[in-house]
Amino acid sequence: MGQDAGDVARRLLTGEIAAGARAIRWLDDRDPRGPALLAAVYPHTGRAQIVGITGPPGAGKSTLTDMLVAEWRSRGMRVAVLAVDPSSPFTGGAILGDRVRMARHALDPGVFIRSLGTRGQAGGLSRSTHDAALVFDAMGYDIVVVETVGVGQDEIDVVNLAHTTIIVAVPGLGDEIQAVKAGIMEAGDIFVVNKADRDGYDATRRQMEMMLHLRAQSRPAQPETPVLRSVAARGEGGAEIVEAIAAHRTRLEGAGDFARRNGLRARAQVINLVKDALTARALELGGDAIFDAVDARRIDPHGAAEHLLRQLDERIIAA
Amino acid sequence: MNKRPLRVLLAKLGMDTHTVGVTIIGHALREAGMEVIFTGLKQTPEMVCAAAVQEDVDVVGISTLSAGHTRSLPRLARLLREAGAEDKLLVAGGVIPEEDRAVLEEAGVDRIFTMGSDTRDIVAYLDQWWAERQAEEAA
């Protein structure tokens with residue numbers, strides 16, 4: 001395996017799996033070769049539809065993803081999957097088990113599945129997920145599925161990444177109050193009630209429709225949000241969901257929103273990168289002394305931040 | 001937290017459905033700060049090889065408790081070489097008779113842990129291998 005960023009970039013642009021896999025490893029590990037690699041592939045991005053799949057633990061996100069992958073493949077589309085699972089905040093280790101439910105696609109050259117640990121990032125994704133999606137986009141996959149960790153009430157970073165966000169719910173998990181609290185209800189483009197053969201399906205569906213009805217009243221310009229049913233473990237409901245995802249893309253493109261979402265995502269990423277870099281530089285300037293001063297109550301946290309920023313300003317002016 | 005965690009694929013080949021061992025190993029490796037990717041049961045060597053490449057793991061660990069490993073493991077080692085992934089460490093564990101050891105090592109299995117192995121020894125072995133690998137890359 002060539003270890004040069006330019007070489008790996010060239011090979012992944014031809015669709016070579018091992019090169020794409022190595023690129024994602026670099027981005028995930030924050031290897032210094034990552035930025036050069038992204039710079040080389042970025043002009044080739046912007047075509048793939050990024051589909052976020054999120055919902056509570058046990059909703060069947062991986063099984064649903066498996067079913068959708070099969071459906072897309074039957075339509076001749078190439079699909080990449082980023083499956084995110086939580087890393088331990090204590091050891092950094094992780095059990096990444098989403099592949100288990102997608103084993104039937106293991107030998108399909110039109111399917112690339114990559115597991116990622118969150119590696120300390122809150123919000124349901126890893127820091128590298130955006131960049132990994134760009135790699136798959138550059139490799140020419142038509143669809144990039146981003147399956148988040150099982151989320152609770154406000155881990156909705158995937159909304160900022162995906163063109164189309166699917167919220168998966170199951171009967172009997174949450175009561176009305178939970179659904180109201182959940183920020184994820186405000187974010188979805190398509191809602192799916194999975195395990196729809198279970199008791200409580202009608203009640204869950206009614207709750208969702210009520211929420212969406214209220215949401216539509218406050219945002220009348222938005223088109224109606226579909227609520228679909230599936231029994232992913234039996235392969236039921238895949239065609240309707242895939243069609244709704246395609247319809248959502250068509251609608252985004254018609255309104256100019258497909259490119260706009262790409263632009264917003266890139267903008268947010270630029271801001272985050274600048275934030276990270278400035279933070280690192282400011283902390284480097286301040287050293288441990290500033291934290292010692294905070295510990296000793298000689299300065300408060302806001303004052304310490306002000307102090308670091310002033311130092312940073314002075315250094316920029318001096319340069 | 002380790003900036004660059006070791007990534008380990010754990011798999012079972014063939015019709016062997018004894019999962020207790022591989023599950024315990026997986027949790028031990030997670031506790032040691034590694035990223036552990038499970039592929040599920042009834043995998044063919046081709047499936048394991050494809051997953052190892054896609055996941056860009058450093059280590060491929062195969063648990064075997066119902067024979068067949070003298071055919072499937074050499075086949076996996078060959079597939080990994082053909083895929084240009086021979087730099088990945090190939091480790092096998094489980095019920096592996098002593099007389100099979102030479103065949104497997106000859107075929108490219110880097111290390112064999114037989115029944116009764118202590119998870120701490122497995123972790124220590126992988127940690128040391130990873131430290132050496134990173135030192136090599138840095139050099």
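Here the structure is a predicted model, which means the values were calculated and not measured. Values below: every heavy atom of this structure, side chains too, minus hydrogens, waters and symmetry copies. Just so we're on the same page: letters track the sequence lines, and every chain starts at 1.
In the displayed structure, His44(A) atom NE2 is contacted under 6.0 Å by more than 12 heavy atoms of other residues, nucleotides or ligands. For OH of Tyr125(B), the number of neighbouring non-hydrogen atoms (other residues, nucleotides, ligands) closer than 6.0 Å is greater than 12. At most 12 heavy atoms of other shown residues, nucleotides or ligands fall within 6.0 angstrom of atom CD in Gln128(B). Within a 6.0 Å sphere centred on CG of Asp288(A), heavy atoms belonging to other residues, nucleotides or ligands number 12 at most. Other residues, nucleotides and ligands contribute more than 12 heavy atoms inside 6.0 Å of the CZ atom of Arg78(A). At most 12 non-hydrogen atoms from other residues, nucleotides or ligands lie less than 6.0 angstrom from CZ of Arg281(A).
Smallest separation of non-hydrogen atoms from Ala50(B) and Ala106(A): CB-O, 3.6 Å.
When heavy atoms are compared at a cutoff of 4.5 Å, Gln43(B) approaches chain A solely by way of its side chain, counted from C-beta outward.
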Check: residues 99-107 of chain B side-chain donor-acceptor pairs under 3.5 Å, at least two apart:
from, atom 1, to, atom 2, distance (Å)
Asp100(B), OD2, His69(B), NE2, 2.8
Arg101(B), NE, Glu98(B), OE2, 2.9

Determine all donor-acceptor pairs shorter than 3.5 Å in which one atom belongs to a side chain in residues 21-32 of chain B; sequence neighbours excluded.
from, atom 1, to, atom 2, distance (Å)
Thr23(B), OG1, Thr19(B), O, 2.7

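In this structure, CE in Met47(B) is found 11.5 Å from CZ in Arg104(A), a value given to the nearest 0.5 Å.
With respect to the salt-bridge test (charged N to carboxylate O, under 4.0 angstrom), the residues Glu55(B) and Arg99(A) qualify.
When the heavy atoms of residues 34-41 of chain B are compared with those of chain A, the residues falling under 4.5 Å are Met34(B), Glu35(B), Val36(B), Ile37(B), Phe38(B), Thr39(B), Gly40(B), listed by number. When the heavy atoms of residues 108-118 of chain A are compared with those of chain B, the residues falling under 4.5 Å are Val111(A), Phe112(A), Ile113(A), Arg114(A), Ser115(A), Gly117(A), listed by number.
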Practice task
Show the numbers, then the answer: is there a side-chain contact (heavy atoms from CB on, under 4.5 Å) between Arg4(B) and Arg30(A)?
Solution key: CA-CA 8 Å; Arg4(B) 217 185 135 196; Arg30(A) 293 202 240 169; over 6 Å; no

Exercise for the section: Verify side-chain contact (heavy atoms from CB on, under 4.5 Å) between Arg7(B) and Asp28(A), making sure each step is shown before the conclusion. Expected result: CA-CA 11 Å; Arg7(B) 282 171 69 85; Asp28(A) 208 22; 4.3 Å; yes

